[in-house]
Amino acid sequence: MVKITFPDGAVREYAEGITAMEIAKSISEGLAKKVLAASVNGNIWDATRPISQDSSLKLLTWNEADGKYAFWHSSAHLMAEAVEATFPGVKFWVGPPVEKGYGFYYDIDLGDHKLTEEDLTKLEKKMSELARQNNPYIRKEISKADALKYFTEKGDEYKLDLLQNLEDGNITFYTQGGFTDLCRGPHVPGTGVIKAIKLTSIAGAYWKGDEKNKQLTRIYGVTFPTQKELDEYLQMLEEAKKRDHRKLGKELGIYTMDDDVGQGLIMWLPNGTVVIEELEKLAKETELKAGYKRVVTPHIAKESMYLTSGHLPYYADSMYPPMEVDGEKYYLKAMNCPHHHKIFAAEPKSYRDLPYRLAEYGTVYRYEQSGELFGLMRVRCLHMNDAHIYCTREQFADEFRAVNEMYQKYFAIFGIEKYVMRLSLHSPDKLGKKYVNEPELWKETEEMVRRVLIESKIPYVEVQDEAAFYGPKIDVQIFSVIGREFTLATNQVDFSQGASFKLQYTTPDNRTETPLIIHRAPLGTHERFIGFLLEHYAGNLPLWLSPLQVKVLPISDKFIDYARMVLDTLKNADIRAEIDDRPEKIGRKIRDTEMAKVPYMLIIGEKEVNEQKVSVRRHRKGDLGALDVQVFVNQAVAEIRERVSG
RNA sequence: GCCAGUGUAGCUCAGUUGGCCAGAGCAGCUGAUUUGUAAUCAGCUGGUCGGGGGUUCGAAUCCCUCCACUGGCUCCA
């Protein structure tokens, strides 16, 4: 007998070799139908796998993330079965659930066959057919020799490659219907639970994620236990598209692009420019208070500077090719730091000048691969909320902490809550290649940064091999509405460029030292930040950021004179306001203004003129009643000044 | 850069077994309407069907090529 402990603490005894599925059935048939997998002593298992010792047990259904994981993992096998049945002789790499998000994929070598959209429809049908057969997923432990034999006979070199890294005695096969795969599982009990199937896209994916390798065909799909859930999922995708920054950016007149201008080159329209200027105002106010000095630097520089900075060997692929002028090569700048270092070096510095903080909304150009460009989030000309802080080792922790506090302050203003702080570390095996070869400095500065994060009690995750070439960094990761991850903001340590540029300051005991440098961009770039904000606010920008803040809506032209007076009052209070003097009905004017997402509407008719008031309507909230003009102006000005969010 | 898909008016989209001057709604313009919290009515304007080349008596529709965008891969603020 084995003792099974349930999540509620109850303990029951069962015959040795009982399965989670049998236990579920003993509780209720209804429950058993929902069980997808089981957590046995914290390990995720097949519900049909025998339990041979005392265990804690949690039954996993669609409601648990691990249940979904098994469901989609099994769906990938089902898709593979359909692919193999349809295109015999294909070879399989791996087919996991999508890491963050919904569904699964499988990377497949289809030989000469080019997969089309029609094939997807065919495969969906085949999958449904196989699912209806409700074939069990059968787990089998297999020796490495037998596994090698199986895939050698099948001629699947990808699976043989996988097997090489696996230890004998630790290898399992799963078979459902006519398809057998090397897999550690777990899987759902049978294909019958997969009721709703949608294959979503075809993509190329380099084998092992290395662009030097062959590109396999990746098929993405998503499945659900019911058609209703699939429909809801597709509906959700439609909703997400509505708040895509590319759609909103067009609708709200934020930015445009043009074939003649070039890929990834954003032109900010008047509305977008207002948002930019408000963000810069915020940055300038904040940085002034924090002791930064502002500078302006050119957009190009000679090759020699980027050789000094060390960017050219590490970063050349991401820079526009140089132009030749007077026999010299000039590069469009891809970063502002070298220019700032030159400003630091322009005059001798003493320890009394430190920390020396230089800020610039710098325009930089990056030659991103064409396939990587994405709306405002990934572009080739960007405007960075950049600054460089030159400080002593003793000052470093305080400076780094102050930058983190600046982030927190900004994020509070924008109501940004969903993000991941990532401590990005180097990878020791890439020293001298991707990272400057200073093992000791890496160790020291990574520890410094980690300590600041711990002391500040900021939750974070550590990630290897994501550092800048000159030092570790903290990245703020956010997700676009379609689920793509981006670094919104960054705070970087640089222990390398100070020496490269021979930057020095005089110490109190009259020696010379090289400063540490902090690169920071808490508001990231205008492009990515505004792209993010549009999605974050679903286009409903807070009053202070709104290109048009107030629209005055006279009910008929009898009241236009008074409405124009109100408009002047608003403008004199530095409120961005317009009047809708078209001969339209008020319902129409309100509708148009609501759709333009203008925060406030002031409606003016006979009553308002007589009482010298305005009727206030708030976007998405409706009628707020009548107010004295001056009272409204005072409220609006306060809302703008305090940068009230939402 | 690679794999796949898409590209028709300012916007959203019809039009593909190749065939009369390429359509609709919204927007815009003109006129009428003078209006109380999400669409007043009528008329009109507007398109090298992404660019170029080819097949054909005839191409938005078929083929080639280039460009851009979209979904991924690689890469990154």
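Residue numbers begin at 1 in each chain, while the letters A, B, ... track the order of the sequences.
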Handout entry: A:K473 side chain near B:A77 phosphate (N/O to OP1/OP2, under 4.0 Å)
Key = yes
Handout entry: Any donor-acceptor pair under 3.5 Å from A:W72 side chain to A:T223 backbone
Key = yes
Practice task
Could you work out the separation of B:U65 and B:A39 based on their C1' atoms and round it to a whole Å?
Solution key: 46 Å
Fill in the blank from the handout: Pairing partner of B:U16, by Watson-Crick or G-U wobble and under 3.5 Å for both distances, is none
Handout entry: Integer angstrom distance from the C1' of B:A9 to that of B:U45
Key = 11 Å
Exercise for the section: Give a yes or no on whether a salt bridge exists between A:E399 and A:R357, defined as a side-chain N under 4.0 angstrom from a carboxylate O. Expected result: yes
Exercise for the section: Can you check whether any acceptor in the base of B:A39 is under 3.5 Å from a donor in the side chain of A:R591, or vice versa? Expected result: yes
Exercise for the section: May I ask you to verify whether the side chain of A:E368 and the base of B:C76 hold a donor-acceptor pair under 3.5 Å? Expected result: no
Exercise for the section: For A:H519 and A:N491, test the side chains for any donor-to-acceptor distance below 3.5 angstrom and give the result as yes or no. Expected result: no
Handout entry: Of A:K551, A:R618, A:H619, A:Q549, the residue whose pairing with A:Y600 passes side chain to side chain donor-acceptor pair (under 3.5 Å)
Key = A:R618
Exercise for the section: Looking at every strand, decide which applies to A:R218 at a 4.0 Å heavy-atom threshold: base, sugar-phosphate, or nothing. Expected result: sugar-phosphate
Practice task
Test for a donor-acceptor pair under 3.5 Å between the base of B:G36 and the side chain of A:E608, counting only N and O atoms.
Solution key: yes
Handout entry: For B:U34, the Watson-Crick or wobble counterpart (both distances under 3.5 Å)
Key = none
